[in-house]
Amino acid sequence: QVQLVESGGGLVQPGGSRRLSCAASGFTFSSYAMRWYRQAPGKERELVAVIGSTGGSTNYVDSVKGRFTISRDNAKNTVYLQMNRLKPEDTAVYYCQAVVLVGFRLENYWGQGTQVTVSS
(Lines give C-alpha, C1' and ligand atoms only; values in the text may rest on other atoms or scores of the structure.)
Protein backbone atom coordinates (compact mmCIF):
# COMPACT_ATOMS: atom_id res chain seq x y z
CA GLN A 1 0.00 0.00 0.00
CA VAL A 2 1.47 3.33 -1.10
CA GLN A 3 1.83 5.89 1.69
CA LEU A 4 3.22 9.39 1.68
CA VAL A 5 3.62 11.14 5.02
CA GLU A 6 4.66 14.78 5.18
CA SER A 7 6.15 16.51 8.18
CA GLY A 8 7.95 19.70 9.07
CA GLY A 9 5.27 22.32 8.68
CA GLY A 10 4.58 25.06 11.19
CA LEU A 11 4.66 28.78 11.82
CA VAL A 12 7.68 30.68 10.54
CA GLN A 13 8.49 34.37 10.35
CA PRO A 14 8.95 36.11 7.01
CA GLY A 15 12.51 35.64 5.82
CA GLY A 16 12.85 32.43 7.78
CA SER A 17 13.48 28.86 6.67
CA ARG A 18 11.74 25.53 7.00
CA ARG A 19 12.45 22.01 5.75
CA LEU A 20 9.61 19.71 4.82
CA SER A 21 10.01 15.95 4.62
CA CYS A 22 7.91 13.32 2.90
CA ALA A 23 8.45 9.69 3.87
CA ALA A 24 7.33 7.23 1.21
CA SER A 25 6.51 3.54 1.48
CA GLY A 26 4.77 0.82 -0.47
CA PHE A 27 6.53 1.32 -3.81
CA THR A 28 10.02 1.39 -5.30
CA PHE A 29 10.77 4.96 -4.33
CA SER A 30 14.02 5.20 -6.29
CA SER A 31 12.22 4.50 -9.57
CA TYR A 32 9.86 7.47 -9.50
CA ALA A 33 9.93 11.22 -9.77
CA MET A 34 8.49 13.04 -6.77
CA ARG A 35 6.65 16.33 -6.56
CA TRP A 36 5.74 18.94 -4.00
CA TYR A 37 2.49 20.85 -4.43
CA ARG A 38 0.88 23.53 -2.31
CA GLN A 39 -2.60 24.91 -1.87
CA ALA A 40 -3.32 28.27 -0.34
CA PRO A 41 -6.77 29.17 1.00
CA GLY A 42 -9.16 29.94 -1.84
CA LYS A 43 -6.63 28.97 -4.50
CA GLU A 44 -6.03 25.97 -6.70
CA ARG A 45 -3.35 23.46 -5.86
CA GLU A 46 -0.12 24.34 -7.67
CA LEU A 47 3.00 22.38 -8.50
CA VAL A 48 5.96 23.81 -6.61
CA ALA A 49 8.87 21.50 -7.40
CA VAL A 50 9.68 18.19 -9.03
CA ILE A 51 12.72 15.93 -8.76
CA GLY A 52 13.70 13.04 -10.99
CA SER A 53 14.10 9.51 -9.72
CA THR A 54 17.86 9.80 -9.20
CA GLY A 55 17.77 13.38 -7.96
CA GLY A 56 19.76 14.54 -10.97
CA SER A 57 17.04 16.77 -12.38
CA THR A 58 14.87 19.32 -10.64
CA ASN A 59 12.43 21.99 -11.66
CA TYR A 60 10.56 24.74 -9.84
CA VAL A 61 7.68 27.11 -10.25
CA ASP A 62 9.03 30.61 -10.95
CA SER A 63 7.78 32.04 -7.67
CA VAL A 64 10.11 29.82 -5.59
CA LYS A 65 13.18 29.61 -7.82
CA GLY A 66 16.30 30.56 -5.91
CA ARG A 67 14.53 30.14 -2.55
CA PHE A 68 13.34 26.50 -2.43
CA THR A 69 15.36 23.36 -3.02
CA ILE A 70 13.91 19.91 -3.58
CA SER A 71 16.11 16.91 -2.80
CA ARG A 72 15.75 13.23 -2.07
CA ASP A 73 17.46 10.42 -0.19
CA ASN A 74 16.66 7.16 -1.94
CA ALA A 75 18.26 5.16 0.89
CA LYS A 76 15.70 6.67 3.28
CA ASN A 77 12.75 6.76 0.83
CA THR A 78 12.34 10.43 1.64
CA VAL A 79 11.95 13.61 -0.39
CA TYR A 80 12.63 17.04 1.08
CA LEU A 81 11.71 20.62 0.38
CA GLN A 82 14.08 23.18 1.84
CA MET A 83 12.35 26.55 1.92
CA ASN A 84 14.42 29.69 2.51
CA ARG A 85 13.57 33.39 2.55
CA LEU A 86 9.95 32.54 3.14
CA LYS A 87 7.25 35.07 2.29
CA PRO A 88 3.68 35.40 3.55
CA GLU A 89 2.48 34.31 0.10
CA ASP A 90 4.17 30.95 0.68
CA THR A 91 1.54 30.20 3.31
CA ALA A 92 -0.25 27.03 2.21
CA VAL A 93 -0.77 23.36 2.86
CA TYR A 94 2.14 21.52 1.24
CA TYR A 95 1.63 18.06 -0.24
CA CYS A 96 4.00 15.52 -1.70
CA GLN A 97 2.81 13.50 -4.65
CA ALA A 98 3.86 10.47 -6.63
CA VAL A 99 2.48 8.87 -9.78
CA VAL A 100 3.11 5.16 -9.39
CA LEU A 101 2.63 2.26 -11.81
CA VAL A 102 0.24 -0.19 -10.15
CA GLY A 103 -0.32 -3.22 -12.33
CA PHE A 104 -0.93 -1.66 -15.75
CA ARG A 105 -2.22 1.67 -14.50
CA LEU A 106 -0.61 4.86 -13.32
CA GLU A 107 -2.07 5.85 -9.96
CA ASN A 108 -1.80 9.26 -8.35
CA TYR A 109 -0.93 9.30 -4.65
CA TRP A 110 -0.94 12.22 -2.21
CA GLY A 111 0.17 12.72 1.33
CA GLN A 112 -2.10 14.24 3.95
CA GLY A 113 -0.40 17.63 3.71
CA THR A 114 1.47 19.80 6.17
CA GLN A 115 0.55 23.40 6.93
CA VAL A 116 3.16 26.12 6.51
CA THR A 117 2.21 29.55 7.80
CA VAL A 118 4.51 32.51 7.18
CA SER A 119 3.60 35.35 9.48
CA SER A 120 5.11 37.73 11.99
Side-chain angles (χ1 to χ4, degrees):
Q1 180 181 0
V2 173
Q3 282 195 312
L4 301 171
V5 180
E6 300 98 335
S7 61
L11 176 65
V12 60
Q13 290 190 340
S17 297
R18 202 82 180 179
R19 190 177 83 154
L20 306 182
S21 300
C22 172
S25 61
F27 65 105
T28 307
F29 179 78
S30 60
S31 295
Y32 292 93
M34 294 295 296
R35 295 166 183 83
W36 283 98
Y37 282 77
R38 67 185 178 186
Q39 188 165 20
K43 294 189 176 182
E44 292 187 357
R45 194 170 295 191
E46 70 166 346
L47 178 61
V48 175
V50 59
I51 187 167
S53 60
T54 65
S57 65
T58 58
N59 208 351
Y60 302 88
V61 68
D62 284 347
S63 60
V64 308
K65 282 181 180 176
R67 300 188 299 121
F68 289 13
T69 302
I70 188 171
S71 62
R72 67 191 296 160
D73 185 338
N74 284 348
K76 295 183 178 179
N77 286 0
T78 301
V79 61
Y80 305 97
L81 186 67
Q82 177 66 44
M83 306 183 295
N84 298 329
R85 304 201 314 271
L86 281 160
K87 304 175 181 180
E89 51 264 43
D90 295 318
T91 295
V93 179
Y94 285 73
Y95 301 89
C96 67
Q97 184 250 22
V99 179
V100 178
L101 184 64
V102 179
F104 295 102
R105 298 194 308 180
L106 289 172
E107 301 283 354
N108 199 2
Y109 292 94
W110 297 89
Q112 82 287 354
T114 187
Q115 175 73 48
V116 174
T117 302
V118 184
S119 175
S120 55

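The structure presented is a predicted model; accordingly, all values stated were derived computationally and were not measured.
Within a 6.0 Å sphere centred on CD of Glu44, heavy atoms belonging to other residues, nucleotides or ligands number 12 at most.
There is a path of hydrophobic side-chain contacts, each under 4.5 Å, that joins Leu4 to Leu81. Hydrophobic cluster membership is shared by Tyr60 and Val118, with clusters built from Ile, Leu, Val, Met, Phe, Trp and Tyr side chains linked at under 4.5 angstrom. Taking hydrophobic clusters as Ile, Leu, Val, Met, Phe, Trp and Tyr residues chained together by side-chain heavy-atom distances below 4.5 Å, Ile51 shares a cluster with Val2. Linking Ile, Leu, Val, Met, Phe, Trp and Tyr residues whenever their side-chain heavy atoms come within less than 4.5 Å places Val93 and Leu47 in a single cluster. Taking hydrophobic clusters as Ile, Leu, Val, Met, Phe, Trp and Tyr residues chained together by side-chain heavy-atom distances below 4.5 Å, Val48 shares a cluster with Ile70.
In summary, the aromatic rings of Trp110 and Tyr37 are positioned with their centroids under 6.0 Å apart.
Nearest approach of Gln82 to Ser17, heavy atoms of both residues: NE2-CB, 3.9 Å. Residues Tyr95 and Glu6 share a closest heavy-atom pair of CA-OE2, 3.2 Å. Taking both residues in full, the closest heavy atoms of Pro14 and Ser119 are given as CD-C, 3.6 Å, listed atom of the first, atom of the second, then distance. Looking at every heavy atom in both residues, Ser30 comes nearest to Ser53 through O-CB, 3.3 Å. The nearest pair of heavy atoms linking Thr78 to Ser21 is CG2-CB, 4.3 Å.
Rounding to the nearest 0.5 Å gives a distance of 13.0 Å between CG of Asn74 and OH of Tyr32. The SG atom of Cys22 sits 5.0 Å away from atom CH2 of Trp36, with the distance rounded to the nearest 0.5 Å. Rounded to the nearest 0.5 Å, atoms CZ (Phe68) and OG1 (Thr58) are 14.0 Å apart.
Without hydrogens or angle criteria, Arg67 side chain to Arg85 main chain gives a donor-acceptor distance under 3.5 Å. A distance-only check finds no donor-acceptor pair linking the side chain of Arg19 to the backbone of Gly8 [under 3.5 Å].
The pair Lys87-Asp90 does not count as a salt bridge, with every side-chain nitrogen at least 4.0 angstrom from each carboxylate oxygen.
Among Arg35, Glu107, Met34, the single residue meeting the side chain to side chain contact (heavy atoms under 4.5 Å, CB included) criterion with Val99 is Arg35.
Using a 4.5 Å heavy-atom threshold, the side chains of Phe27 and Val102 count as separate.
Taking the centre and axis of the six-membered ring of Phe29, the NZ or CZ atom of Arg72 falls inside the cone set by 45° and 6.0 Å.
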